[in-house]
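Have a look at the structure below, then the notes.
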There are 2 protein chains.
Amino acid sequence: MDIKSAVTQLSSIAQEARLEIFRLLVQAGIEGLPAGSIGEKLDIPPSTLSFHLKELSQAGLIHSRQVSRFIYYTANYAAMNGLLAYLTENCCAGVTECCPDVTSCNPEKGNE
Amino acid sequence: MDIKSAVTQLSSIAQEARLEIFRLLVQAGIEGLPAGSIGEKLDIPPSTLSFHLKELSQAGLIHSRQVSRFIYYTANYAAMNGLLAYLTENCCAGVTECCPDVTSCNPEKGNE
DNA sequence: GCATTATTTCCATATTTATGGAAATATAGA
DNA sequence: TCTATATTTCCATAAATATGGAAATAATGC
């Protein structure tokens, strides 16, 4: 991962509403949640929510899929793992041996 | 850690110049670097650098100490660990057992 | 005290980001 | 096709963040 991607991904969760959205989607698991449910649970108006979902999507931290009239959003666990790995490396540069790998974070036993 | 602190810390590194500064300080180890050296290495003018150092300081991700006329800045490894731990928890909420602890990142064998 | 060096603060400006109403788009069922 | 529902896009506005020159502050040695 290059520094620009890291900054983009960090920026996407460096905002309270978006970090809450991401956390909610992580909790929701691989099935995810439709936009409307997210907005309802977090009390965010549609256009504002859409803006934040776009930010997270463009950063690659969430995915979406259409199910009937609903658009389901899901956390991209692999992307979050990549970001954590990048930060861990940068946090520990030069002292790599002291840091655990952060590569096993996902909602099931396998990986998506 | 609460969500607001997490957002503050994330914001402080969600910017290219600041992430570079932090990375440089991590590499510099516990002795750190004086502001002037940071600005020189990263080619950032004094006032801009001072602004970014303040952001990182206020978020708690770096510390400073005066040594003669120089102000040495150091990475706060413990704070970074705390942030990584928060993200790991939030990334894995509900599936805690799949995530490694990220609590052992520091420049020496011990912890600061 | 004065000159030198290191860093910060002040300030104006530019840029980016966030907010949410209203309208547009898309999907599905009757 | 008409209607209802879900979501996005458009738009204006507000707020926060980033930049860097110039001046101010702080520390040191002579």
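Note on naming: letters A, B, ... go to the chains in the order of the sequence lines (proteins, then strands), and numbering restarts at 1 for each one. If you're wondering where the values come from, they're calculated on a predicted model, not measured in any experiment.
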Report yes if the side chains of Ile3(B) and Arg23(A) come closer than 4.5 Å at any heavy-atom pair, otherwise no. yes

Between atom CZ in Phe70(B) and atom C1' in dA27(D), what is the gap in whole Å? 10 Å

Kindly compute the distance separating CE (Met80(B)) from CG (Leu87(A)), expressed to the nearest 0.5 Å. 4.5 Å

Looking at Ser11(A), is its backbone amide N or carbonyl O close enough to the side chain of Arg18(A) to form a donor-acceptor pair, meaning the two atoms are under 3.5 Å apart? yes

Whole-Å distance between dT7(D) P and Leu42(A) CG? 14 Å

Is there side-chain contact between Ile38(B) and Leu49(B), with at least one heavy-atom pair below 4.5 Å? yes

Can you tell me how far C1' of dT27(C) sits from CD1 of Ile71(A), to the nearest Å? 10 Å

Is there side-chain contact between Met1(B) and Gln9(B), with heavy atoms separated by less than 4.5 Å? yes

Between Gln66(B) (side chain only) and Ser68(B) (backbone N and O only), is there a donor and an acceptor less than 3.5 Å apart? yes

Output one line per pair: protein atom, nucleotide atom from nucleotides 2-4 of chain D, and distance, for all N/O pairs under 3.5 Å.
residue, atom, partner, partner atom, Å
dA4(D), N3, Arg69(A), NH1, 3.2

Where do N or O atoms of nucleotides 14-18 of chain D meet protein N or O atoms at under 3.5 Å, pair by pair?
residue, atom, partner, partner atom, Å
dA18(D), OP1, Arg18(B), NH1, 3.4
dA18(D), OP1, Arg18(B), NH2, 3.0
dA18(D), OP2, Arg18(B), NH1, 2.9
dA18(D), OP2, Arg18(B), NH2, 3.4

Rounded to whole Å, the NZ-P distance (Lys54(A) to dC11(D)) equals 13 Å

Has Glu40(A) got more than 12 heavy atoms of other residues, nucleotides or ligands less than 6.0 Å from its CD? no

Roughly, in whole Å, what's the span from CD in Glu16(A) to P in dA18(C)? 12 Å

Set out, in order, the CA-CA distance, both residues' side-chain angles and the distance that settles side-chain contact (heavy atoms from CB on, under 4.5 Å) for Tyr86(A) and Leu10(A), then state yes or no. CA-CA 11 Å; Tyr86(A) 178 90; Leu10(A) 285 169; over 6 Å; no

5' priority, DNA chain C, between Ala17(A) and Ala35(B) [closest heavy atom]: Ala35(B)

Tell me whether Asn76(B) contacts the main-chain N or O of His63(B) through its side chain, where contact means a donor paired with an acceptor under 3.5 Å. no

What is the distance, to the nearest angstrom, from the CG atom on Asp43(B) to the P atom on dT19(D)? 12 Å

Return the polar atom pairs (N/O with N/O) between nucleotides 22-24 of chain D and the protein under 3.5 Å, or none.
none

Just N and O in the side chain of Tyr73(A): are any of them under 4.0 Å from OP1 or OP2 of dA6(D)? no

Rounded to whole angstrom units, what separation is found between the CD1 atom of Ile44(A) and the C1' atom of dT7(D)? 14 Å

Grab the OH-P distance between Tyr72(B) and dA27(D) for me, whole Å please. 16 Å

Tightest non-hydrogen contact, residues Arg65(A) and Thr74(A), listed as NH1-CG2, 3.7 Å

Looking only at side-chain atoms of Ser50(A), point me to the closest of dT7(C), dT8(D), dA28(C). dT8(D)

Same cluster for Tyr73(A) and Phe51(A) if Ile/Leu/Val/Met/Phe/Trp/Tyr side chains link at under 4.5 Å? no

